[in-house]
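Values below: every heavy atom of this structure, side chains too, minus hydrogens, waters and symmetry copies. Both ligands and their constituent atoms are indexed starting at 1 by order of listing. Here the structure is a predicted model, which means the values were calculated and not measured. Residue indices begin at 1 and follow the sequence shown.
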Amino acid sequence: MNALEINNVSKIYGNGKVALQDISLTVPEGSFFALLGPNGAGKSTLINILADTVNASSGNVSLLGHDLFLERAWCKRRMGVVPQEIAFDPFFSPREILKFSRGMYGEKADDHWVDELLERLELAEHAHKVTRQLSGGMRRRLLVAQALVHRPKLVILDEPTAGVDVELRKRLWDFMRELNAAGTTILLTTHYLEEAEELCDQVAIIDQGKLITSCPMKTLMGDVASSSLCLSYDEPLQLSDEDTIVLAAFSPRVHDNQLCLTLNKQGTHSDFDAVYQAAKQQLGAPVDVNIRQEDLEDVFLRLTGDPS
Ligand SMILES: Nc1ncnc2c1ncn2[C@@H]1O[C@H](COP(=O)(O)OP(=O)(O)OP(=O)(O)O)[C@@H](O)[C@H]1O
Ligand SMILES: [Mg+2]
């Protein structure tokens, strides 16, 4: 069973902006899924459609085999969404907000779980303050607690760690990892690609409203990520027209004293040799050689062509 099946979802906003174009992707049950894309790609639009705060223009979605648009009440009890925008009633405290939220989902009060959430999200000492006294990072953690209060099967987090400092971010991810290990499916967006690579076992990349890829993280990093051979010289390099033509097949990139050339996929030995010999013939022997494997950020930038 899949936690989510998103089929041909498109969104055209009232002003004519096409935010999503025919997006289809599957979130397997139990996965830790990264939905990635540059600013304005359409991530929040998709999440807001799942959360029922934006209407899709077309397409359908099923959640654990149930039609999300037709069986909203059933689905809402099984999903928790952390929106990107923060909005709370400023006069309630975190504890009150969590209690009300459980009630809203039709769940009985569970003080023990509310206490655990306050503790794990490091809000316990602020549990009685009114929310307008909380800092931005605290409010975001309260949003996370609110999304978890009814113990959903699927948790969707839109930039949960924006404005959360590095130590807290680590602890928040540890908590998400525990929930995932206990069987909760997690779908998140983040601009921290290093964290996404480490945490997530599935990844989708969208850009300008279109799906670029959706696959297991291992497949992306194994089949799509390539490695580069980087050669250092003792003087800044300037490639001649001839160098550029001869090395064109290896996508040469020059940074000061260094020339980086792309190897095929994992960089087999024969690739390494061919690339090295070609570079040596054109530019002479380098003073240093190393191989750099593309990480998720490199792959993301290459696929989206966007430095954001
Ligand atoms: N209510 C709206 N009306 C019109 N256009 C909108 C609306 N909301 C979002 N957009 C546009 O739709 C596109 C997708 O926006 P969205 O917020 O989904 O992107 P995102 O991937 O979440 O970006 P970010 O990483 O900055 O959060 C953007 O061009 C945005 O300006
Ligand atoms: Mg967004």
Just need the protein heavy atom nearest to atom 10 (N) of ligand 1, so name the residue and atom and give the distance. Y13 CE1, 3.4 Å
Quick one: nearest non-hydrogen protein atom to atom 15 (O) of ligand 1, plus distance? T45 OG1, 3.8 Å
Listing request: all salt bridge (charged side-chain N to carboxylate O under 4.0 Å, His left out) pairs with a residue in residues 236-252, at least two apart in sequence or in separate chains. none
Under 4.5 Å side-chain heavy-atom separation, chaining through any Ile, Leu, Val, Met, Phe, Trp or Tyr, what else clusters with L70? Say none if it is isolated. none
From the options S44, A41, G42, select the one whose nearest heavy atom is closest to atom 22 (O) of ligand 1. S44
Ignoring hydrogens and angles, tell me if any N or O in the side chain of K43 forms a donor-acceptor pair with the backbone of P38 under 3.5 Å. yes
Can you check side chain to side chain donor-acceptor pair (under 3.5 Å) on S44 and D158, steps first, answer last? CA-CA 7 Å; S44 296; D158 195 352; 2.6 Å; yes
Which atoms from ligand 1 have a heavy atom of P38 less than 4.0 Å away? 21 (O)
Side chain, backbone, both or neither: which part of N39 comes within less than 4.0 Å of ligand 1 when only heavy atoms are counted? both
If only atom types and distance count, is the side chain of R140 paired as donor or acceptor with the main-chain N or O of A162 below 3.5 Å? yes
Determine, stepwise, if the pair T262 / R253 fulfils side chain to side chain donor-acceptor pair (under 3.5 Å). CA-CA 9 Å; T262 303; R253 281 104 53 211; 2.7 Å; yes
Which of the atoms of ligand 1 are close to N15, meaning less than 4.0 Å from one of its heavy atoms? 4 (C), 5 (N)
Heavy atom of protein closer than 4.0 angstrom to atom 3 (N) of ligand 1: yes
heavy-atom search around atom 23 (O) of ligand 1 in the protein gives G40 N, 2.7 Å
As an exercise, identify every atom of ligand 1 less than 4.0 angstrom from a heavy atom of A19. 12 (O)
Remaining members of hydrophobic cluster (4.5 Å side-chain criterion), V164: L168
Could you work out, for atom 20 (P) of ligand 1, the closest of H191, E159, K43, K17 by heavy-atom distance? K43
Could you grab the protein N, O or S atoms closer than 2.8 Å to the Mg ion (ligand 2) for me? S44 OG, Q84 OE1
Can you confirm whether something in the protein, heavy atoms only, sits under 4.0 Å from atom 13 (C) of ligand 1? yes
Using the ring of W74 (Phe, Tyr or Trp, six-membered ring only), decide whether R78 places NZ or CZ under 6.0 Å from its centre and within 45 degrees of its axis. yes
Please determine whether side chain to side chain donor-acceptor pair (under 3.5 Å) holds for the pair Y13 and T45, giving the CA-CA distance in whole Å, both sets of side-chain angles, and the decisive distance to 0.1 Å. CA-CA 10 Å; Y13 281 108; T45 300; 2.8 Å; yes
Give a yes/no verdict on a cation-pi contact between R169 and Y192, requiring under 6.0 Å between NZ or CZ and the six-membered ring centre and an angle within 45° of the axis. yes
Assess G14 for proximity to ligand 1: is some non-hydrogen atom of it under 4.0 Å away? no
Using every non-hydrogen atom in the two residues, find where H150 and R102 come nearest and quote the distance to one decimal. CA-NH1, 4.0 Å
So, Q146 and S101: side-chain donor and acceptor under 3.5 Å apart, yes or no? yes
